[in-house]
Amino acid sequence: GPLNETSLPLYFGWFLFSSVQDKVGCTAMDFLKTLDTLEGFKKHITDFTGQAEKEVDLEQYFETKGILHCTTKFCDYGKADGASEYAKNPVIKKSYSSVFELSLTALFVTPRTVGARVSLTDEQLKLWPADTEKESEADVPGSASLPVGSRAHVTLGCAKDVEPVQTGLDLLQILTLPQGEVVEEMKLGSLQYYGEGRWMLSLREPICAATCFSSFYG
Ligand code: 2AM
């Protein structure tokens, strides 16, 4: 009935503990601060500015939005396909409000978004809707062939007028491309360029992020 429908959240996901949010936020800011000073990045500056001589301050370029989290299921208050099935799934109910340690294995940047890639364990994949990557095929051709869970990420920031849903699509796009060119070995890991302003830093030491599986109503 209508009551049931209104009780569905905007989305389910893993919410980073506040201490972890600070840590991840700082790591991302340090990365952006360094990235825009690298010669290898400046060489491709037109990807971001459209003009060769212009500089970009990546820390200013991206806006941060709300509490850091990894969305598992976007429900749109019940309007999204499969929302109520997901919410009713016993595995979801059982895991609700439990603590999970997510492994953040890479940071990525595009002219639209900045995010962290999340590598899910088999246990965590049980909370991940199995058709996510297949349903992304229309937006990002090639997604359907990627392993389940490939879209898992934490949005760290979006460029002006860009919605956070873009972050997962940007990640999927990078993952469908051939290995990027290694441009720099940074303290945090190796930095690869994938063309068209797409950068990915594979972290030497993944960030272990304590989270709570829950939902957001807004
Ligand atoms: P995100 O997971 O990339 O951050 C509220 O908008 C949250 O739901 C955001 O976290 C956002 O993106 C996610 N979201 C919005 N629309 C979505 C969609 N169509 N599919 C998956 N996630 C979506």
Side-chain angles (χ1 to χ4, degrees), residues 9-28 31 66-75 80-83 85-109 113-137 140 142-157 164-177 179-180 188-192 200-216:
L10 182 59
Y11 62 89
F12 285 88
W14 288 288
F15 294 80
L16 276 64
F17 286 8
S18 65
S19 55
V20 185
Q21 292 197 53
D22 294 344
K23 187 186 164 201
V24 173
C26 286
T27 305
F31 169 54
I67 170 170
L68 296 183
H69 66 275
C70 174
T71 304
T72 54
K73 175 68 186 172
F74 180 69
C75 292
D81 279 351
E85 289 78 4
Y86 184 86
K88 277 186 227 147
N89 182 334
V91 182
I92 302 308
K93 287 189 167 170
K94 193 170 144 272
S95 306
Y96 200 80
S97 81
S98 295
V99 172
F100 288 82
E101 294 209 328
L102 294 188
S103 179
L104 313 187
T105 52
L107 300 175
F108 57 94
V109 176
T113 64
V114 53
R117 182 181 187 187
V118 178
S119 298
L120 300 174
T121 63
D122 288 343
E123 193 204 357
Q124 293 161 359
L125 279 169
K126 290 179 186 158
L127 307 183
W128 187 257
D131 44 13
T132 302
E133 284 72 26
K134 286 199 182 67
E135 285 175 356
S136 308
E137 179 71 23
V140 182
S143 300
S145 316
L146 294 171
V148 170
S150 293
R151 185 170 169 156
H153 68 280
V154 175
T155 296
L156 299 171
V165 64
Q166 186 62 44
T167 319
L169 303 177
D170 283 356
L171 173 60
L172 287 172
Q173 199 182 67
I174 289 173
L175 297 178
T176 61
L177 297 171
Q179 277 288 315
L188 287 171
S190 70
L191 177 68
Q192 283 171 282
M200 179 127 99
L201 175 77
S202 304
L203 296 172
R204 233 178 282 290
E205 305 248 349
I207 300 170
C208 176
T211 70
C212 178
F213 180 68
S214 184
S215 60
F216 181 83

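Only heavy atoms go into these numbers, but all of them, side chains included; no hydrogens, no water, no symmetry mates. When a residue number appears, it is its place in the shown sequence, counting from 1.
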So Thr155 and Thr113, side chain to side chain contact (heavy atoms under 4.5 Å, CB included) or not? Walk me through it. CA-CA 8 Å; Thr155 296; Thr113 64; 5.8 Å; no
Among residues at least two apart in sequence or on other chains, which ones pass side-chain hydrogen bond (donor to acceptor under 3.5 Å, both in side chains) with Thr72?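 Once residues adjacent in sequence are excluded, the partners of Thr72 under the side-chain hydrogen bond (donor to acceptor under 3.5 Å, both in side chains) criterion are Tyr86.
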List in chain and number order the residues that pass side-chain hydrogen bond (donor to acceptor under 3.5 Å, both in side chains) with Arg151, two or more places apart in sequence or in another chain; answer none if no residue qualifies.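 Scan of Arg151 (side-chain hydrogen bond (donor to acceptor under 3.5 Å, both in side chains), adjacent residues dropped) gives Ser136.
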How many angstroms lie between [atom1] in [X] and [atom2] in [Y], if you round to the nearest 0.5 Å?
| X | Y | atom1 | atom2 | value |
| --- | --- | --- | --- | --- |
| His153 | Leu169 | NE2 | CG | 8.5 Å |
| Asp170 | Leu175 | CG | CG | 11.0 Å |
| Ser190 | Met200 | OG | CE | 9.5 Å |
| Ser150 | Arg117 | OG | CZ | 6.0 Å |
| Thr27 | Ile207 | OG1 | CD1 | 4.5 Å |
| Gln166 | Leu171 | CD | CG | 11.5 Å |

Check [X] against [Y] and note the closest heavy-atom contact, atom names and distance.
| X | Y | answer |
| --- | --- | --- |
| Ile67 | Phe15 | CD1-CD2, 3.8 Å |
| Arg204 | Pro206 | O-CD, 3.7 Å |
| Ala28 | Leu156 | CB-CD1, 3.7 Å |
| Val148 | Ala130 | CG2-O, 3.9 Å |

Determine the interplanar angle of the Tyr96 and Phe12 rings, folded into 0 to 90°, and report it as parallel if under 30°, tilted if 30 to 60°, perpendicular if over 60°.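 Geometry flag for Phe12 against Tyr96: perpendicular rings.
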Check: [Y] and [X] side chains under 4.5 Å, non-hydrogen atoms:
| X | Y | value |
| --- | --- | --- |
| Leu102 | Leu120 | yes |
| Thr211 | Val20 | no |
| Val109 | Phe31 | yes |
| Val91 | Leu127 | yes |
| Thr71 | Phe216 | no |
| Gln124 | Phe100 | yes |
| Gln173 | Phe108 | no |

Please step through side chain to side chain contact (heavy atoms under 4.5 Å, CB included) for the pair Gln21 and Val154, ending with a clear verdict. CA-CA 10 Å; Gln21 292 197 53; Val154 175; over 6 Å; no
Under the side-chain hydrogen bond (donor to acceptor under 3.5 Å, both in side chains) rule, what pairs show up with a residue in residues 98-109, not counting sequence neighbours?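 Pairs touching residues 98-109 that pass the test: Thr105-Ser119.
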Consider side chain to side chain contact (heavy atoms under 4.5 Å, CB included). Of Leu16, Val118, Leu104, which one does Cys70 pass it with?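 Going through Leu16, Val118, Leu104 one by one, the side chain to side chain contact (heavy atoms under 4.5 Å, CB included) with Cys70 is satisfied by Val118 alone.
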Is a donor on one side and an acceptor on the other found under 3.5 Å between the side chain of Glu133 and the backbone of Ser145?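 No; zero donor-acceptor contacts below 3.5 Å.
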